[in-house]
There are 2 protein chains.
Amino acid sequence: MKKLAQFIKILGDTTRLSIIGSIGKKTRSVTEIINDTGLSQTLVSFHLRNLRDAGIVTTRRDGPFIYYSLTNLSLIDILDELALLAGLKTNFFETSQVLSQGKIVSVNRR
Amino acid sequence: MKKLAQFIKILGDTTRLSIIGSIGKKTRSVTEIINDTGLSQTLVSFHLRNLRDAGIVTTRRDGPFIYYSLTNLSLIDILDELALLAGLKTNFFETSQVLSQGKIVSVNRR
DNA sequence: TCTATATATTTGTTTATACTCATATGAATA
DNA sequence: TATTCATATGAGTATAAACAAATATATAGA
């Protein structure tokens, strides 16, 4: 029971839901997620670690990039079902995957 | 997004999952939930309020008793799907509904 | 109307979680 | 090998959530 609660708890956060929505059923680098969500690099990295520790996402390194994807794509469908229960519109998550069109900007601006 | 996160957050707690599991697809009074879960009256009441505020359970009063039931029974199935993703066995929630057989004891023992 | 039972609420405390800032690591390239 | 880009980590702080103890409310029955 504790393990299930912990798993669900990881899903119950606005920031992490945004990240999951950005990844969707695709594969995305951290920079893509940052540009897509508008969240800070540190914050995205912080939450990706939680998601990874929970087994919700997996990673693949390709040169300097680390690509994240959902461990189980059916998570999107389950989140949609939950959104329905929460009184939100159908395909809340599927349709939330319209990507922002902002140009890609370097993450490191020091 | 915030509303969904809040809804999921309510589900991501061991105590509340126990209460939901106790209610299951049935209808249960607070006393039944207390005896079933072994949790204190105050704690059960506290969490039932959260669950009710989130729209996860609904109530019906019958004399001195207040009966709780799930607003949407499919929640049990969704929780089972989540349990699968979390790496737990199938029908985790369905099978967790074996009721304790302890005799019913008064809640107020002051 | 007094008492017992069922359930809810309030308050204070502790624990957990999200976030920011600063810094570190690791890979690629000049 | 120095620098730049991509990503991660650690420490500190603020906020929120869970819990316990005490008390309140509501219903039923004597």
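In the text below, chain A, chain B and the rest are named by the order of the sequence lines, each starting its count at 1. Since the structure is predicted, the reported quantities are computational estimates derived from the model, not experimental observations. All values below come from the heavy atoms of this structure, side chains included, with hydrogens, waters and symmetry mates left out.
- Counting only heavy atoms from C-beta outward, the side chains of Ile66(A) and Leu48(A) never approach each other to under 4.5 Å.
- Atom P of nucleotide dT7(D) and atom CZ of Arg52(A) are separated by 13 Å, given to the nearest angstrom.
- A straight line from CZ of Arg28(B) to C1' of dA6(C) spans 16 Å, rounded to a whole angstrom.
- Within the structure, side chain to side chain donor-acceptor pair (under 3.5 Å) contacts touching residues 8-17 of chain A (residues at least two apart or in different chains) are Arg16(A)-His47(A).
- Cluster annotation: Phe65(B) is not connected to Tyr68(B) through the hydrophobic network of ILVMFWY side chains, with a link wherever side-chain heavy atoms come within less than 4.5 Å.
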Assess the residue pair Glu81(B) and Asp77(A) against the criterion (side-chain contact (heavy atoms from CB on, under 4.5 Å)); give the C-alpha distance rounded to whole Å, side-chain angles, the decisive distance to 0.1 Å, and a yes or no.
CA-CA 10 Å; Glu81(B) 296 177 39; Asp77(A) 305 317; over 6 Å; no

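- Annotation: side chain of Ile20(A) is in contact with side chain of Ile76(A) (closest heavy-atom distance under 4.5 Å).
- Regarding contacts with the backbone of dT9(C), a side-chain N or O of Arg49(B) is found under 4.0 angstrom from either OP1 or OP2.
- In this structure, Ile34(A) CD1 and Ile19(A) CD1 are separated by 9.0 Å, a value rounded to the nearest 0.5 Å.
- Between Leu39(B) atom CG and dA18(D) atom C1' there is a gap of 12 Å when expressed in whole angstrom units.
- Phosphate proximity of dC19(D) to Thr42(B): absent, as no side-chain N or O sits under 4.0 Å from OP1 or OP2.
- A single hydrophobic cluster is not seen to contain both Leu85(B) and Leu84(A); linkage of ILVMFWY side chains at heavy-atom distances under 4.5 Å, directly or through other members, places them apart.
- Between the CG atom of Leu48(B) and the C1' atom of dC19(D) there is a distance of 15 Å, given to the nearest Å.
- What separates CD1 of Ile34(A) from P of dC5(D) is a distance of 14 Å, to the nearest Å.
- The distance from atom CD1 of Ile8(A) to atom P of dA18(D) is 13 Å, rounded to the nearest whole Å.
- Between the side chain of Gln41(A) and the base of dA8(D), a donor-acceptor pair under 3.5 Å is found.
- One distance of note links CD of Gln41(B) with CD1 of Ile33(B); it measures 11.5 Å at 0.5 Å rounding.
- Between Ile8(A) and Leu79(B), the closest side-chain pair of non-hydrogen atoms falls below 4.5 Å.
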Reading nucleotides 13-19 of chain C from the 5' end, what letters show protein touch, with B for base, S for backbone sugar-phosphate only, - for no heavy atom under 4.0 Å?
----SSB

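- Near DNA chain D, meaning a heavy atom under 4.0 Å away, the residues from residues 56-69 of chain A are Pro64(A), Phe65(A), Ile66(A), Tyr68(A).
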